[in-house]
Amino acid sequence: MVSPNELGNLTRRLVTDAYIQVSVFVAFTLLLFYSSERIFKFDIGSTLKKSKLFQIPISALLGATPGCGGAVVVVAAYASGNVSFGAVLATLTATMGDAAFLLIATKPEVAILVLPLSLGAGIVTGFIVDQFVSVENQQNSMDLHKEIALIGKTRYRDLIYVLITIPGFIFGLFQIMQYDLKQLFGYLPELISITGVITGIFIWSTSKVKTMTNPLDKPLVRVSEETSFITIWVLAAYLAYDYLVALTPLNLEILFESVTIFLPLIAILVGFIPGCGPQVLVTTLFINGLIPFSALLGNAISNDGDALFPAIAIDPKVALLATIYSAVPAFILAYSIYFLFPNLGG
């Protein structure tokens, strides 16, 4: 059994890893994306509407952007009648959601494979569906912004959260360069991580925003809200895996080896679940060597992340069709790689 001291050390290590390996990079990416969006006042909806020929590739590229922001933008454009069903399918197929941040932070060499494959699957699927399937948009007049809680002004908690991520981001860069953080900085990275995670838990637990943020909100608000939400799921996935290994006699490696051929299918089915939490868990299992690359890819293509929530709100039929259609390329690519390139990404 694990002693309380060992469990405490394990928990602090996992909190530090989740924050420095993932959360700070999520915050930096979102801050860059949302600030640029606000500064340049770029209206992607009208751009997509004018770009008929490139609508699907652009939508897929937005979906492939780490996180769910790009995919949500395309779903909002569909609600306004600016893009086709094929564009929505392209972005939902291409997106890996928040799990992309975790994969990029821990296994960038694998992310370089997964994200382009998901992007290609999204583009091809979007063009095929628009060519052969007719889906009528029933919600052209809907304003998606009104359906998402608006926080309004930047709060002290947002400023504090973003300020804490600055030293955390520096620690993250040192860790990427293979430096020993404890040797260089002592207990400071652990202290910063615990403070950042506790602040994030406070923001998440007291927020009226539980998934995505309103595009009309300030960049710092959106960064603190979305990063806090992502951190909760990443930390939960880290803790679930390591606690299971440390506290139970269950050997996950042997368990999964007994059903190896079904793992891509199971991962694809998990991708049907709305939200990013289950998908982060699948990515965590891959990082720990428990599922093959084919299962990770199948999940990456079939999952729609948080973007599925507004899609369901806008048009449940469209959301269901997009989920079903995205499973087709997920199944084809996952099992093609499973049989033809079993060691890919290993």
Practice item. Treating Ile, Leu, Val, Met, Phe, Trp and Tyr as nodes and any side-chain heavy-atom pair under 4.5 angstrom as an edge, say whether Leu173 and Leu184 lie in one connected cluster. Key: yes
The salt bridge (charged side-chain N to carboxylate O under 4.0 Å, His left out) partners of Asp130 (sequence neighbours excluded) come to none
Heavy-atom nearest pair, Ser84 first then Tyr78, reads O-CD1, 3.9 Å
Taken to the nearest 0.5 Å, the spacing of Ser294 OG from Phe339 CZ works out to 9.0 Å
In short, side chain to side chain donor-acceptor pair (under 3.5 Å) pairs touching residues 157-175 with sequence neighbours left out are Arg155-Asp158, Arg157-Thr206, Asp158-Ser224
Separation between CG (Leu30) and CG (Leu220), nearest 0.5 Å, reads 11.5 Å
Looking at Thr95 and Thr91, would you say the former's side chain and the latter's main chain have a donor-acceptor pair under 3.5 Å? no
Looking only at heavy atoms, the pair that brings Pro116 and Ala111 closest together is CD-O, 3.8 Å
d(Leu89 CG, Ser326 OG) to nearest 0.5 Å is 6.5 Å
So side chain to side chain donor-acceptor pair (under 3.5 Å) across residues 14-24, not counting sequence neighbours, yields Arg13-Asp17, Gln21-Tyr238, Ser23-Thr231
Taken in chain and number order and not counting sequence neighbours, the residues that satisfy ring pair (Phe, Tyr, Trp, His ring centres under 6.0 Å) with Tyr335 are Phe331, Tyr338
Nearest heavy-atom approach of Lys218 to Gly152 is CG-O, 3.7 Å
Taken to the nearest 0.5 Å, the spacing of Phe272 CZ from Leu320 CG works out to 9.5 Å
inquiry  = Taking Val124 as the starting point, is it possible to reach Ile324 by hopping between hydrophobic residues whose side chains are less than 4.5 Å apart?
reply    = no
Residues joined to Ile332 in its hydrophobic cluster, side chain to side chain under 4.5 Å directly or through other members, sorted by chain and number, are Val328
| request: List the steps, then state whether side chain to side chain contact (heavy atoms under 4.5 Å, CB included) holds for Val129 with Leu321. | output: CA-CA 11 Å; Val129 167; Leu321 286 175; over 6 Å; no
Requested in this report: List the steps, then state whether side chain to side chain contact (heavy atoms under 4.5 Å, CB included) holds for Val110 with Ile287.
Outcome: CA-CA 10 Å; Val110 176; Ile287 291 168; over 6 Å; no
With side chain to side chain contact (heavy atoms under 4.5 Å, CB included) as the criterion, how do Ile20 and Leu181 come out once you've worked through the C-alpha distance, each side chain's angles and the decisive distance to 0.1 Å?
CA-CA 10 Å; Ile20 289 178; Leu181 295 184; 4.0 Å; yes
Hey, quick one: are Leu32 and Val162 part of the same hydrophobic cluster, counting side-chain heavy atoms closer than 4.5 Å, chains of contacts allowed? no
Salt bridge (Lys or Arg N to Asp or Glu O under 4.0 Å) pairs touching residues 274-295, sequence neighbours excluded, are none
When you measure from the side chain of Lys208 to the backbone N and O of Leu150, does any donor-acceptor pair fall under 3.5 Å?
yes
Can you give each donor-acceptor pair under 3.5 Å made by side-chain atoms of residues 273-281, sequence neighbours left out, with the distance rounded to 0.1 Å?
from, atom 1, to, atom 2, distance (Å)
Gln279, OE1, Asn299, ND2, 2.8
Gln279, NE2, Val270, O, 3.3
Gln279, NE2, Ile273, O, 3.1
Gln279, NE2, Gly275, O, 3.4

Determine whether a donor-acceptor pair (N or O, by modelled atom type, separation under 3.5 Å) exists between the side chain of Glu225 and the backbone of Ser207. no
field: Verify same cluster id: Phe286, Phe262 (apolar side-chain graph, 4.5 Å)
entry: yes
One should read off an interatomic distance between Thr284 OG1 and Leu296 CG, to the nearest 0.5 angstrom, of 10.5 Å
**Message:** How about CD on Glu109, more than 12 heavy atoms from neighbouring residues, nucleotides or ligands closer than 6.0 Å, or not?
**Reply:** yes
Residues joined to Ile112 in its hydrophobic cluster, side chain to side chain under 4.5 Å directly or through other members, sorted by chain and number, are none
Residues at least two apart in sequence or cross-chain that pass ring pair (Phe, Tyr, Trp, His ring centres under 6.0 Å) with Phe25, listed by chain then number, are Phe169
Which atom pairs, donor and acceptor, lie under 3.5 Å between side-chain atoms of residues 185-196 and protein residues at least two apart or in another chain?
from, atom 1, to, atom 2, distance (Å)
Ser193, OG, Pro189, O, 2.7
Thr195, OG1, Leu191, O, 2.8

**Leu297 reachable from Leu344 in the ILVMFWY side-chain graph, under 4.5 Å edges** = yes
So CG of Leu92 and CG of Asp304: to nearest 0.5 Å the spacing works out to 4.5 Å
Closest non-hydrogen atoms of Leu333 and Leu117, given as atom of the first, atom of the second and distance, are CD1-O, 4.4 Å
*asked:* Could you check whether any side-chain N or O of Thr65 sits under 3.5 Å from a backbone N or O of Leu62, counting only pairs where one atom can act as donor and the other as acceptor?
replied: yes
For Ala330 and Gly298 the tightest heavy-atom approach is CB-O, 3.5 Å
The remaining residues in the hydrophobic cluster of Ile56, counting side-chain heavy-atom contacts under 4.5 Å among Ile, Leu, Val, Met, Phe, Trp and Tyr, are Leu61, Leu119, Ile123, Phe127
**Report entry** Full working for side chain to side chain contact (heavy atoms under 4.5 Å, CB included) between Thr93 and Tyr325
**Finding:** CA-CA 9 Å; Thr93 300; Tyr325 287 149; over 6 Å; no
Taking every heavy atom of Leu48 against every heavy atom of Ala77, the minimum-distance pair comes out as CD1-CB, 4.2 Å
Quiz item: Short question: side chain of Ser205, backbone of Phe202 - any donor-acceptor pair under 3.5 Å?
Solution: yes
Residues 159-173 vs salt bridge (Lys or Arg N to Asp or Glu O under 4.0 Å), sequence neighbours excluded, gives none
